[in-house]
Every structure is written in C-alpha cells, then in structure tokens.
Amino acid sequence: MKLFSYFAALAAGLSLCAGLSAAQYTFSNTTYSVNDAPEGLASGDLNGDGFLDLVVTATNPDRMEVWLNDADGTYTLGSTLLLSAGDDPRHVVLADLDGDLMLDAAILLYGTNQLQLATGLGGGTFALGSTFATGLNPVDIETQDADGDQDADLLVVNQGDDNVTLFFNDGAGVMTGMNFAVGDVPHGCTFGDFDGDLDWDFAVSNSVDQTISVYENQGQGVFASWSTIIGNHDFYGIIAGDFDGDLDDDLAVISTDFFLVNEVTIFMSDGLGGWGAQTDWHNPLKGLSEIAMGDFDCDGDLDLVAASVDPTNGGFMLHDNDGSGGFGVFSRDGRGQHVTDIVAADLNNDGSPDVANSARNLDFLAVALNRTCGLKITRNGHCNQMNDFVFSGATPGGVVYAMVAHDPGTFVIPVGKPCAGTTVGLDAASIMLAGFEVADLNGEVHVSFWGGSLSCGMWLQILDAETCNVSNLSQLTP
C-alpha cells in the first residue's frame, strides 16, 4: 500500500504522526565498561574489516584496551596490552609507524615521561615496542607527516617543560626528537596547513599565559616560530580545520577558567600566517577541555564538539557551523563525566561522523552514533491540520517503509520480513506497518496528509529497505 493512500484512509482518526525533534542533532548512545579510569582514545581499522576500531588507555593495571567494531558501530573488547605499573598512560594515537601497512600505537606515559610505541600485529593485537624520552609531563600527542618523507611523525606536548617535542620517524619506527619552545603550561597541539603551501605547520595552546604558539613548516621538516596568538582566556584543547571555507586552516580552541568562562574560541587564518580577532562562542558546560570536529549535520561545513573534564558534567556539546565559521547554535548529547579524550570519526560507515569519548569518573567508554544525517524525517504541520512530510537520505529509487506505534520502545523485525533482524525504536506491542513509497532520484519521499486528532502523540519511524537503515523517531505534537 502506498503511503499517501494509507494516510488518507486514516485522516479522520488514527493517522500517522511525525514531528522533527527540536534538537539539531540526533545520536544513539551506548556505553562500555572500562575499569579503571579510562583516559586516552583513538580510532583506526585494526583488523582490516573496513570498520573503525577503538583503543583506550586506562589504569589499575596500566594498559591499553582494544575495542573491536562489530561492523555496525557497536564494540566488543578484544586484546589488552599491559604496560608497567606507574606508567600512567594518557593520550594515544594510531598510525603506521614502521611501514608494514598495519596501524601501530604511540602512547604517552605521563608517569615516566616517555613515549611508548606499540607495534600492531594485525587482528587488533599489539606488542610493546621502543620507548623514547619526552619532556616533563607529556599531555597531548598528534601525528602527521611533518617532514614530507611519507611516514608518520609525532608531536608531543611537554607541559612541565613549556615545550613540545617533534619526533621525526625514520620510516621504521625509530624516532629522533627535536624540541620547540612554546608558552606557559601548554595543553594541546594540532597540525594544520595555515599558509596553503601543502605542508604541515603546527600550533600549541598554552593554558596559563593565554597564548597559542604557531610554528611554520618551511619544508622538509624545518620549522620556525611563526607567530604567537595573544588571547584573553586560558587555552586548552585545540584543533585546526577550514571553518570558513576559504581553503586554509583556521584554529578552534577551548577557552575556560573552569568556572565562569567556558567557550569555543575561533581564530581565522588569512592564509598568509596572519590571524583574525578572537571570536568566542559560549558553551554551557563547565570545565571544558577537549575538542574535535566533523560535519555532523552533513551540510558541507565542519562543526565542533566540545567536552568537559569537570567531574559533574556529562556528555558533550555540539556547536553548529553556520557555514562561515560562526558557532553560536549548540546542543548537548552523549554520555559520561570527566571526559579526558574525545574522537570524531565515522564508526558505523554511514558517511557521517560519530563521537566516542572516555568517561574517567564513570569508568566507561561512550559511543554516540550520529543519526542526524542519512535517513531522516522532517515535518511541517501539527495535529488537526495538513502535514507535509519529507523522508530524506534514502536509497535513490529504493523502497522506504513507514512504521508507527503509540510509544517508543524496541522492536526487532521478524524473519521473513524485509530487513529481518533490524532493531527499530518503536513499541513492540503497538507497532504497525503504515505502507511504503519509492524514493525519488534525490533519495527523498514527499507526502502530505491531514493529521486527525487521534493521531496526536503517536510515533513514526521509517526504514530504507535497500540498506536497512532506520531514521530518527518523530512524534506528532499539538
């Protein structure tokens, strides 16, 4: 039965109902126990199945856990790499450090002031490799090909020495460190191409003197101090990206005093090494520290996600990019307290970035799968009036099924039905198949119908029969 004819038949009474949530973003959240005190987090395909796995560092005992992706963005604990007592592992990155086409790990050992390499053996397993001395209190690490020799180098922030160490890789995982002075009590680092010359510069946020130290890559790994950005807040997590669409990398940094000031701050690059004025965007979370980015609403620009190390704050805050680098619209989602690291990556291969974060105080790893993009319901209208629906993100020319129920809940599509085994978010006792439609060449279905009074409060979800993806849940409101 076609959707429109079904809607028309129900118009006088129990009609399908849908409404777009007021939230700008929609995520489904899952947590995984990591005892004790998860800290650093990184993503990468560790077993060659095409899906991103996760590694997380933790203590008691000091270790790195591997969480394997079950091919849909859910995770199962795989191997555990034990470290030495007192290492106190913190941030971690994944990269092919030895040229064998398998991802290795580089782990900061805060307790012993070392960089620990872990050799990837395939299948999500690791073996302890070499260690290299860092400066005092290493707190952040990033990886890029800093010298243009086609291997991964490592940049480490040494908070206790007010410097960073750039470890140049010889291609086989042997690292040679070079130190660069930065500001007072540095916290975060990021690589970016700030001058459009196609090599990687870097920037370091400094928490006490409220500055950002920027170093220019002059080619082949020769770096020179380029500029010091003077701010007016304590700077913590930092990330580089083209936020205004002008093809050079800008900077987003966390500004906080952990009490009154909690903001995402933007500095726009002019592409020549100069920086625009500080622009602050308020964030309601207290104690902001970590930041990541991704196009979470699939509109072609980079949005920002910020999280807090405050022990009482939960989840993360998303800042929507207005397309020109403005981030005034925010919404809260996710789970966890005292978030010490956050990752934005496509964890379920649906083409949009998801979010994973550690939750130190609650001893779990949180995964938030992004349901904002892809199959989605939007509606214009309310009860007792004409409703215009758009079902978007479906397979072009594919069949789209609509399901309704009196309440949200859980329903697994039974054997013999399209997409058997798929879990939808509707109450099993009251779910009904409303009908089907064929998406147009843009992957959209447009439907209009009169919403009768008895339809108020009912829930709608749609299913793409080609991919078995399900949409956001929507409810008709007065």
Side-chain angles (χ1 to χ4, degrees), residues 91 93 95-99 106 108 115 132-135 138-159 161-206 209-231 235 237-253 265-278 293 302 325:
H91 281 204
V93 294
D96 180 10
L97 300 174
D98 54 12
L108 293 184
L115 171 66
F132 300 90
T134 65
V139 294
D140 198 19
I141 182 170
E142 293 294 335
T143 181
Q144 270 298 351
D145 181 10
D147 53 6
D149 63 355
Q150 308 304 309
D151 54 40
D153 307 304
L154 300 168
L155 181 65
V156 174
V157 175
N158 305 307
Q159 193 167 76
D161 286 333
D162 293 341
N163 67 16
V164 296
T165 303
L166 183 52
F167 287 96
F168 293 102
N169 188 352
D170 71 351
V174 177
M175 301 289 173
T176 301
M178 180 178 294
N179 292 334
F180 298 88
V182 294
D184 194 6
V185 190
H187 179 89
C189 62
T190 186
F191 285 99
D193 182 7
F194 304 126
D195 55 1
D197 62 357
L198 303 182
D199 53 29
W200 293 105
D201 314 303
F202 69 80
V204 180
S205 58
N206 305 301
D209 64 3
Q210 302 179 343
T211 64
I212 299 173
S213 303
V214 183
Y215 275 81
E216 180 191 15
N217 190 337
Q218 298 182 331
Q220 298 182 325
V222 177
F223 286 82
S225 182
W226 195 3
S227 59
T228 299
I229 301 174
I230 307 297
F235 291 140
I238 187 171
I239 198 164
D242 181 9
F243 302 123
D244 55 2
D246 64 354
L247 303 182
D248 54 49
D249 283 336
D250 312 300
L251 289 171
V253 61
T265 292
I266 305 297
F267 292 96
M268 293 298 183
S269 170
D270 65 5
L272 301 173
W275 300 93
Q278 175 173 335
M293 66 184 181
L302 289 173

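As a basis for the values below, the full set of heavy atoms in this structure was taken, side chains included, without hydrogen atoms, waters or symmetry mates.
You'll find the side chain of Val156 stays beyond 4.5 Å of the side chain of Val164, heavy atoms only. The side-chain heavy atoms of Ile229 and Leu251, taken from C-beta on, include a pair separated by under 4.5 Å. Taking 4.5 Å as the limit, some side-chain heavy atom of Leu166 sits within range of a side-chain heavy atom of Leu155. Counting heavy atoms from C-beta outward, Asp170 and Thr176 have side chains that stay 4.5 Å or more apart. Counting heavy atoms from C-beta on, the side chains of Pro138 and Leu115 never come closer than 4.5 Å. Side-chain contact between Phe243 and Met268: present, with at least one pair of heavy atoms (C-beta onward) separated by less than 4.5 Å.
Only one option out of Asn163, Asn206, Thr228, Asp162 pairs with Ser213 in a side-chain hydrogen bond (donor to acceptor under 3.5 Å, both in side chains); it is Asn206.
Taking CD1 of Ile141 as the reference point, atom NE2 of His91 lies at 10.0 Å (rounded to 0.5 Å). Taken to the nearest 0.5 Å, the CG atom of Asp153 stands 11.0 Å off from the CE atom of Met178. If you take CG on Leu154 and OG1 on Thr143, they are separated by 5.0 Å, rounding to the nearest 0.5 Å. The CD1 atom of Ile239 lies 5.5 Å from the OG1 atom of Thr190; values are rounded to the nearest 0.5 Å. Distance check, rounded to the nearest 0.5 Å: CG of Asp184 to CD of Gln210 gives 10.5 Å. The CG atom of Asp246 sits 7.0 Å away from the OG atom of Ser269 when rounded to the nearest 0.5 Å.
Listed by chain and number, the residues in a ring-ring contact (aromatic ring centres under 6.0 Å, His included) with Phe132 amount to none (sequence neighbours excluded). The ring-ring contact (aromatic ring centres under 6.0 Å, His included) search around Phe202 returns Phe180, Tyr215, Phe223, not counting sequence neighbours.
Proximity of a side-chain donor or acceptor of Asp161 to a complementary backbone N or O of Gly135 within less than 3.5 Å is not detected. With Asp197 contributing its side chain and Asp199 its backbone, the two residues share a donor-acceptor pair below 3.5 Å. Judged purely by atom type and a 3.5 angstrom limit, Asp145 uses its side chain to pair as donor or acceptor with the backbone of Gln150. The backbone N or O of Gly177 lies less than 3.5 Å from no partner atom in the side chain of Thr165, so there is not a single donor-acceptor pair. In terms of modelled atom types and a separation under 3.5 Å, the side chain of Asn169 and the main chain of Asp151 share no donor-acceptor contact. In this structure, the side chain of Asp248 does not engage the main chain of Phe194 through any donor-acceptor pair within 3.5 Å. Side-chain atoms of Gln159 come within 3.5 Å of backbone atoms of Pro186 as a donor-acceptor pair (strictly under, hydrogens ignored).
Looking at every heavy atom in both residues, Gly241 comes nearest to Leu302 through CA-CD1, 4.1 Å. Heavy atoms only, all atoms of each residue included: Asp209 and Gly183 are closest at OD2-CA, 3.4 Å. Taking all atoms of both residues into account, the shortest heavy-atom contact from Gly273 to Ser227 is O-OG, 4.1 Å. Between Ala252 and Ile266, the shortest heavy-atom contact is CB-CD1, 3.7 Å. In this structure, Glu142 and Cys189 approach most closely via the heavy-atom pair CG-O, 3.3 Å. Minimum interatomic distance between Gly192 and Asp249 (heavy atoms only, all atoms of both residues): CA-OD2, 3.5 Å.
Relative ring orientation between Trp200 and Phe191 is described as perpendicular, the plane-to-plane angle rising above 60° on a 0-90° scale split at 30° and 60°.
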Item to check | Criterion side chain to side chain contact (heavy atoms under 4.5 Å, CB included) on Ile238 and Val204, from CA distance to verdict | outcome: CA-CA 7 Å; Ile238 187 171; Val204 180; over 6 Å; no
